[in-house]
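What follows is a set of notes on a single structure, which appears directly below.
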Amino acid sequence: MSTNTPLLQTIEPDDTSTVQVPSRNTTSNTRPAVVLTPTNNNMASTPADAESGIAGILKQSAHPAALFCLYFFRTSAIVVYILCGLLTDNYVLSTVVVVVLLAMDFWNCRNVAGRTLVGLRFWNQVDDDGESYWVFESRDPSRPANPVDAKMFWIALYVFPALWLLLFVVSFLRFSLSFIPIVALALVFNLTNAVGFTYADRDAKQRWANSIASSGWNMGMGGIGGQILSGAMKKSVGRLFG
């Protein structure tokens, strides 16, 4: 049954024979027919749509293992940090466990999760002259990322630095000066990935737009006209993504 069909047109009467009840004032008691139309309450229509939460997200993901590891390392670092601060006074144990989880998350996010979930990778390279610069890699635009993977990746990339910043403020207000270096290290790791992947995504969009402007926007216009139009499109697109 379609949700757009009024219920009045689909519900059949119990008895086809109608019984007329005499009424002394039929004109005054006559009421307009009320048509009940179901509203869109976003209820699941199939058992597959009823799946929600972590299981549903992992089922829709194209790389569930990479997505699970991304959230596992990031969540574990915060949970261990909070529990160690509440349940134990062993500062060395807390520091070692949290730093190991942060390091594993930093490596996994930059080299595994970013490459598989959104098709982006970045690193810092030093040339022969001693100058360092960023290097960005991106997936072929003809192979877009899974929408669920991309959404969950960007959520993790920006939400967890905000959580660590909140823990930094809490540690500062509680005068837990011994735990501030751990939170500061977590902020450095998380913000590095956030900034790196943000610039990698911007670079990928700009290169894709430049390739479109070079190949398609001249529309067969050769010579000076094609070069002027292509250059104008590159500048406009560069301003949009730059």
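Just so it is clear, the values below take in all heavy atoms, side chains as well, and ignore hydrogens, waters and symmetry mates. This one's a predicted model, so the numbers in the text were calculated from it and none came from an experiment.
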Is any side-chain heavy atom of [Y] closer than 4.5 Å to one of [X]?
X: V118; Y: D201; result: no
X: Y133; Y: V126; result: no
X: F122; Y: R110; result: yes
X: C109; Y: L157; result: yes

Please confirm whether the backbone N or O of [Y] pairs with a side-chain atom of [X], one donor and one acceptor, at under 3.5 Å?
X: R174; Y: V170; answer: no
X: D149; Y: S61; answer: no
X: D129; Y: E131; answer: no
X: N190; Y: A186; answer: yes

Give me the atom names and distance for the closest heavy-atom approach of T116 to H63. O-CD2, 3.2 Å

At their closest point, which heavy atom of N193 faces which heavy atom of R74, and how far apart are they? ND2-NH2, 3.9 Å

Tell me every residue that passes ring-ring contact (aromatic ring centres under 6.0 Å, His included) with Y91, counting only those two or more places apart in sequence or in another chain. F179

Quick one: do F197 and F153 satisfy side chain to side chain contact (heavy atoms under 4.5 Å, CB included)? Show the steps, please. CA-CA 10 Å; F197 279 110; F153 176 82; 3.9 Å; yes

So that I know where these two stand, are W164 and Y81 an aromatic pair - ring centroids less than 6.0 Å apart? yes

Quick one: sort the Y71 and F160 rings into parallel, tilted or perpendicular, breaks at 30° and 60°. perpendicular

Take atom OH in Y199; do more than 12 heavy atoms of anything else shown fall under 6.0 Å from it? no

Set of salt bridge (Lys or Arg N to Asp or Glu O under 4.0 Å) partners for R207, sequence neighbours left out: D203

